[in-house]
Amino acid sequence: MDTESLMLSLELAAGSGQGLSPDRRAALLTSLLLVKRDYRYNRVLFWGRILGIVADYYIAQGLAEDQLAPRKTLYSLNCMEWSLLPPATEEMAAQVATVKGRFMGDPSHEYEQTEFQKMSSEGEKPFEEDVVVQVKEETRLVSVIDQIDKAVAIIPRGAFFKTPYGPVHVNRTFEGLPLSEAKKLSSYFHFREPVSLKNKTLLEKADLDPSLDFLDSLEYDIPKGSWSIQLERGNSLVVLRSLLWPGLTFFHTPRTRNHGYIYVGTGEKNMDLPFML
Amino acid sequence: MEDSTSLSQKKENQPLREAMLPREEGTAASPQDPRPQSSGPWEAEPAPDARPRPRSSCAQSPGSRGPAAGQGASSSPPPPLQLSSTLARQNLGAPRQPDGASSGVSDAGTALSDPLGPSTDEREWAHRSHSVEDTGPLAWQPNSSSKLCQPKELPSGSVQKEGWSCHKDPGQPESRACEASTSMLDIAVQNAKGYLFQASSKTGLNLYDHLSNMLTKILDERPENAVDIIENISQNVKMAHFSKKLDTFQNENEMLPTYDIAEGQKALFLQGHLEGVDQELEDEIVENSLPNIMESAFYFEQAGVGLSTDETYRIFLALKQLTDTHPIQRCRFWGKILGLEMNYIVAEVEIREGEDEEEVEEEDVVEAEERDNGQSDADREEEDELPKSLYRPSQVIPKEENRTGANKYVYFVCNEPGRPWVKLPSVKPAQIVTARKIKKFFTGQLDAPIISYPPFPGNESNYLRAQIARISAGTHVSPLGFYQFGEEEGEEEEEVESGRSSFEENPDFEGIQVLDLVESLSNWVHHVQHILPQGRCTWFNPTPKHEEEEEEDEEKEEPDYIEQEVGPPLLTPISEDSEIQNIPAWTTRLSSSLIPQYAIAVLRSNLWPGAYAFSTGKKFENFYIGWGCKYSVHNYSPPVPPPVYQEYSSGPEITEMDDPSVEEEQAFRAAQEATELAAQDSESEEDEDDDN
């Protein structure tokens with residue numbers, strides 16, 4: 001959620017129950033302003049909170065002018081001092097895939113994973129060895145945030161538009177989704193580089209508006225039904241909650257510009273989703 | 001203003017216009033500042049610029065309008081038309097005219113100024129054009145080659161129409177004169193204008209109108225960096241064509257559900273004013289069974305948990321409605337369970353004694369059916385001698401009585417404050433046992449079926465009740481010493497086995513330091529009974545009945561003596577809770593590290609994500625908000641179906657044997673032949689012996 005509308009956004013996203021305490025809110029408003037100035041970001045988003053055993057991580061993201069460019073992620077333990085996280089890589093994802101359980105809350109904590117590694121020396125048969133690999137919690141944090149962003153960060157259709165030169169900008173004439181569109185999954189897009197756009201048939205592509213429909217919509221998410229759309233407050237607020245990453249809440253007031261998402265959760269994917277639906 | 005000067009110049013240069021002059025002299029009031037020099041010949045002007053409206057452009061600086069003046073006439077006529085007619089009327093009262101208007105008008109006039117004569121004096125043509133504001137549109141009329149010009153311009157504004165009608169007649173002599181001196185440029189301009197007026201074959205719009213609408217919108221709204229978003233504005237203007245006009249009947253359809261909920265919630269707010277008698281108010285305050293939810297919400301907010309303030313207040317009012325309509329001793333806001341389509345707001349309620357509603361006993365019906373089945377089977381057996389099924393369903397464990405164990409409280413749910421409250425049925429042990437084996441999301445409809453393996457005995461309302469029971473048993477905690485066991489003599493011996501089940505508030509509770517509450521988990525205790533694996537809080541022994549029936553039956557696999565299940569007794573500290581893979585079951589936090597003297601202790605459950613408890617030392621409260629599922633590190637895997645039941649005892653008659661292989665058959669045959677030969681030999685020998 002944008003720092004400019006932080007208070008309102010927190011109020012709207014409070015239906016899921018997890019929010020921020022007043023002292024954290026106050027701290028965020030001041031510190032994120034300073035972050036924006038120091039790092040010269042175009043927009044700063046408060047991404048959410050990952051609950052750890054000992055402490056919680058507060059995550060913020062800074063965006064440049066181009067909304068789809070790689071974002072810088074910062075974390076803090078007390079909402080005041082922010083540290084930049086390294087960008088996520090494939091190796092990190094592979095390392096972190098085996099780590100299970102909760103986050104500890106200590107960035108320097110190391111998870112010990114025993115991995116089977118096939119070592120083959122020259123001429124001999126390959127034999128397996130148990131190698132103890134240590135994964136730092138910071139790496140896990142980076143990778144989890146990246147996964148969540150790629151999987152469930154969403155924006156309503158029309159909030160961003162693509163200029164002919166390439167960069168994606170915030171649409172200043174976005175007036176909000178109409179009520180009839182707000183309840184459809186196809187009105188919401190993933191906030192990441194499109195993956196399945198090319199797979200659409202030509203007929204479908206003909207109906208798209210190239211400046212607005214340049215991202216994947218939520219309609220084709222697998223597993224189907226991994227989003228829960230609800231209209232709260234008697235149709236004046238649309239709330240989408242992800243069931244794949246429980247804790248992610250997206251809210252939007254139809255016919256207004258307010259929209260945003262926040263993740264407050266344990267940072268674990270819900271692998272039991274197919275059983276639970 | 002240019003009026004007077006332009007008038008004077010007109011007299012000199014345009015004898016043709018004399019018919020118009022008298023009218024315009026009347027309109028021109030007093031000499032005003034001369035119009036600023038326009039920056040260049042109007043042909044060189046840039047592409048269509050914003051045309052200011054008469055009313056909105058009073059503050060325009062003349063300079064800005066200068067270069068804007070004299071632009072291609074192709075885009076200007078309709079607004080200047082409006083301007084001209086309104087200006088004509090305004091001139092009577094206000095001598096001062098907005099410069100912008102004049103510039104706009106000047107553009108209309110410039111087209112005329114050229115045919116009228118090569119007046120290179122910029123001021124001249126500016127003034128002249130202003131003065132010929134009324135003739136401008138008129139001159140266009142005959143000049144424009146395409147007849148589309150007229151009908152298109154008329155619909156652009158009713159004001160224009162009036163302008164047209166006013167000045168039509170006097171303009172005829174002028175137009176003929178203008179026609180006579182049409183220049184190549186004029187023709188080009190008219191052609192361009194005609195092209196712009198072409199209606200699109202697809203949509204029926206034309207570019208001229210669209211551009212003028214767009215520019216009007218931009219000038220009205222004045223967004224920053226308009227050039228960057230010009231495409232979007234254009235799209236929006238086009239879309240605006242299709243928006244429905246505000247119709248009081250049609251609009252309501254879309255928003256109907258909103259209004260329904262709002263009406264329901266309005267009723268909540270008004271219920272207090274139904275009978276405003278002072279005495280009743282006093283009564284209410286005295287027997288307050290409603291807790292102070294706003295206070296608890298405030299404390300939970302310090303912990304970062306909880307719903308928004310207005311939602312909490314609405315829930316508060318809904319609970320009040322609940323207490324007013326039902327005979328309730330005590331009630332508590334238990335929490336909110338999120339669902340796929342709708343959420344549940346749960347209230348934990350203790351009904352006043354003696355007012356329990358009798359629930360329909362479903363178990364009797366089930367048992368009667370079983371008995372019937374048994375009898376029909378027996379009849380069939382006598383006829384067909386079918387093998388008797390040895391399967392006996394395990395005995396149904398009866399549910400606990402109301403007000404005891406898992407059914408200690410009654411739960412009411414509603415989907416949204418303002419909707420009616422629904423009472424959840426009591427929970428049965430079988431439901432709790434099955435609920436432990438499945439993991440499901442709630443949909444929000446109480447009568448939705450639960451499709452799972454093992455099959456859940458009931459629908460969503462039963463599953464919800466079972467989960468609420470499990471969450472309460474697992475996560476309702478209080479500071480040590482807040483509750484104490486009632487001191488009753490003589491009952492201790494009987495209750496040792498089953499554990500104490502009653503407690504009461506400790507009146508001498510002095511509170512525990514917040515820091516102590518945070519540091520050590522042993523300062524918190526469970527105050528809800530643990531649910532045994534059987535599904536109940538108190539052990540129910542199914543064996544006594546079995547002993548009577550099992551005398552004649554064959555050996556059973558079940559042991560005769562079933563161990564009594566024992567759970568941790570009431571009021572055990574939560575430090576005894578089992579860990580989840582090296583993670584403690586509870587996380588404690590101080591709500592604020594910056595101002596510790598007023599901070600509160602917050603407990604967060606790691607086993608049931610979403611369960612919270614806070615304490616200020618003396619006060620405490622529990623709350624749940626979440627999806628209603630337990631946490632497990634490993635993925636859920638459904639239980640394996642049980643092995644196929646052995647119906648027939650194995651014996652040699654029905655034991656399957658392998659078919660003999662080829663070698664075995666040959667060996668057997670060889671052996672048979674050998675014995676036959678041996679028998680034949682022995683027979684032949686006997687015959688020989690007999691013969692002999």
Side-chain angles (χ1 to χ4, degrees), chain A residues 10-25 27 49 51-56 78 100-102 104-105 161 163-164 169 171-175 178-180 209 211-212 225 228-236 241 243 246-247 264-266 268 270-273 275-277, chain B residues 223-225 228-229 231-233 235-236 254-255 257-262 265 301-309 311 335-336 338-343 416 438-441 444 452 581-584 587 589 591-595 604 606 609-610 625-627 629 631-636 638:
Chain A
L10 281 174
E11 181 86 13
L12 293 176
S16 307
Q18 315 266 13
L20 293 177
S21 53
D23 61 334
R24 296 287 185 222
R25 258 183 266 156
R49 187 164 87 145
L51 308 171
I53 303 290
V54 174
D56 297 338
N78 58 2
K100 283 192 201 177
R102 301 278 305 269
M104 287 314 281
F161 75 101
T163 57
H169 290 290
N171 187 359
R172 289 192 353 243
T173 57
F174 176 55
E175 285 173 15
L179 206 58
S180 52
D209 180 353
S211 69
L212 292 181
S228 139
I229 294 195
Q230 285 179 16
L231 288 171
E232 288 192 5
R233 302 190 186 190
N235 284 17
S236 62
R241 293 195 184 96
L243 303 174
V264 180
T266 61
E268 287 165 300
N270 179 19
M271 300 297 284
D272 307 330
L273 182 60
F275 290 113
M276 297 169 75
L277 285 175
Chain B
E224 264 184 38
N225 297 339
D228 294 331
I229 47 173
E231 295 90 3
N232 288 355
I233 295 179
Q235 263 188 340
N236 288 350
E254 231 181 39
M255 306 283 279
T258 318
Y259 294 144
D260 277 343
I261 302 265
Q265 290 179 349
E301 198 192 346
Q302 304 292 312
V305 175
L307 309 166
S308 59
T309 324
E311 196 172 343
K336 180 173 175 182
L338 303 172
L340 295 181
E341 291 160 31
M342 286 190 286
N343 307 322
E416 233 182 292
I438 64 175
K439 197 171 175 187
K440 278 280 189 184
F441 278 126
S452 65
Q581 255 210 356
N582 307 329
I583 302 169
T587 306
R589 289 285 155 78
S591 68
S592 155
S593 49
L594 299 170
I595 309 177
R604 194 166 71 205
N606 294 329
I625 177 147
W627 295 96
C629 300
Y631 172 76
S632 74
V633 181
H634 302 291
N635 300 337
Y636 167 77

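All chains are named by letter (A, B, ...) in the order of the sequence lines, taking the proteins before the strands, and each is independently numbered beginning at 1.
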>> For A/I53, which atoms come within 4.5 Å of any heavy atom of chain B: side chain, backbone, both, or neither?
In response: both
> What part of B/E224 is in contact with chain A, defined as an atom under 4.5 angstrom from a non-hydrogen atom: side chain, backbone, both or neither?
Replying inline: both
> Does any heavy atom of chain B fall under 4.5 Å from the side chain of A/F161, the backbone, both, or neither of them?
Replying inline: side chain
> So what's closer than 4.5 Å to chain B heavy atoms on A/D56: side chain, backbone, both or neither?
Replying inline: both
> Can you say whether B/S591 sits under 4.5 Å from chain A via the side chain, the backbone, both, or neither, judging by heavy atoms?
Replying inline: backbone
> Taking side chain as C-beta onward, heavy atoms only, is A/T173 less than 4.5 Å from B/Q235?
Replying inline: no
> Within the distance-only criterion (no hydrogens, no angle test), does the side chain of A/S21 pair as donor or acceptor with the backbone N or O of B/G304 below 3.5 angstrom?
Replying inline: no
> Is a side-chain N or O of B/K336 found less than 3.5 angstrom from the main chain of A/G15, in a donor-acceptor match?
Replying inline: yes
> Is A/N270 close to B/W627 at the side-chain level, that is, under 4.5 Å between some pair of heavy atoms?
Replying inline: no
>> Shorter than 4.5 Å, heavy atoms on both sides: which option in A/L51, A/L277, A/T266, A/N78 has the most such pairs with chain B?
In response: A/L51
> Given the options A/S228, A/S16, A/G17, which has more heavy-atom pairs under 4.5 Å with chain B than any of the others?
Replying inline: A/G17
>> Please rank A/G19, A/G265, A/G225 by heavy-atom pairs under 4.5 Å with chain B and give me the top one.
In response: A/G19
> Do B/I595 and A/D23 touch side chain to side chain, with heavy atoms closer than 4.5 Å?
Replying inline: no
> Within the side chain of A/D272, is there an N or O that forms a donor-acceptor pair under 3.5 Å with the backbone of B/Y636?
Replying inline: yes
> What's the shortest heavy-atom distance between A/E11 and B/S308, and which atoms?
Replying inline: OE2-CB, 3.6 Å
> Do the side chains of B/N635 and A/F275 get nearer than 4.5 Å, heavy atoms only?
Replying inline: no
>> Less than 4.5 Å to any heavy atom of chain A: does that hold for the side chain of B/L338, its backbone, both, or neither?
In response: side chain
>> Taking side chain as everything from C-beta outward and backbone as N, CA, C, O, which of these in A/V54 sits under 4.5 Å from a heavy atom of chain B? Side chain, backbone, both or neither.
In response: backbone
> Looking at A/A13, A/P22, A/G101, which one has more heavy-atom pairs under 4.5 Å with chain B than the rest?
Replying inline: A/P22
>> Is B/L340 in contact with chain A via its backbone, its side chain, both, or neither, using a 4.5 Å heavy-atom distance?
In response: both
> B/Q302, B/H634, B/E231, B/K439: which one forms the most heavy-atom pairs within less than 4.5 Å of chain A?
Replying inline: B/K439
> Can you list the steps and then say if A/F174 with B/N232 is a side-chain contact (heavy atoms from CB on, under 4.5 Å)?
Replying inline: CA-CA 9 Å; A/F174 176 55; B/N232 288 355; over 6 Å; no
> Which heavy atom in A/M276 sits nearest to a heavy atom in B/C629, and how many Å separate them?
Replying inline: CE-SG, 3.3 Å
> Which distance, rounded to the nearest 0.5 Å, do you find between the OG of B/S632 and the CE of A/M271?
Replying inline: 12.0 Å
> Is it the side chain or the backbone of B/E341 that comes within 4.5 Å of chain A heavy atoms, both, or neither?
Replying inline: backbone
> Which atoms of A/I229 come close to chain B, meaning under 4.5 Å heavy atom to heavy atom: side chain ones, backbone ones, both, or neither?
Replying inline: backbone
> Do other residues, nucleotides or ligands put more than 12 heavy atoms under 6.0 Å from the CD atom of A/E175?
Replying inline: no
> Atom CD in A/E232, atom CG in B/L307: separation rounded to 0.5 Å?
Replying inline: 9.0 Å
> About how many Å separate OH of B/Y631 and CZ of A/R102, when rounded to the nearest 0.5 Å?
Replying inline: 6.0 Å
> Is the backbone N or O of B/G339 less than 3.5 Å from a side-chain atom of A/Q230, with the two atoms forming a donor-acceptor pair by type?
Replying inline: yes
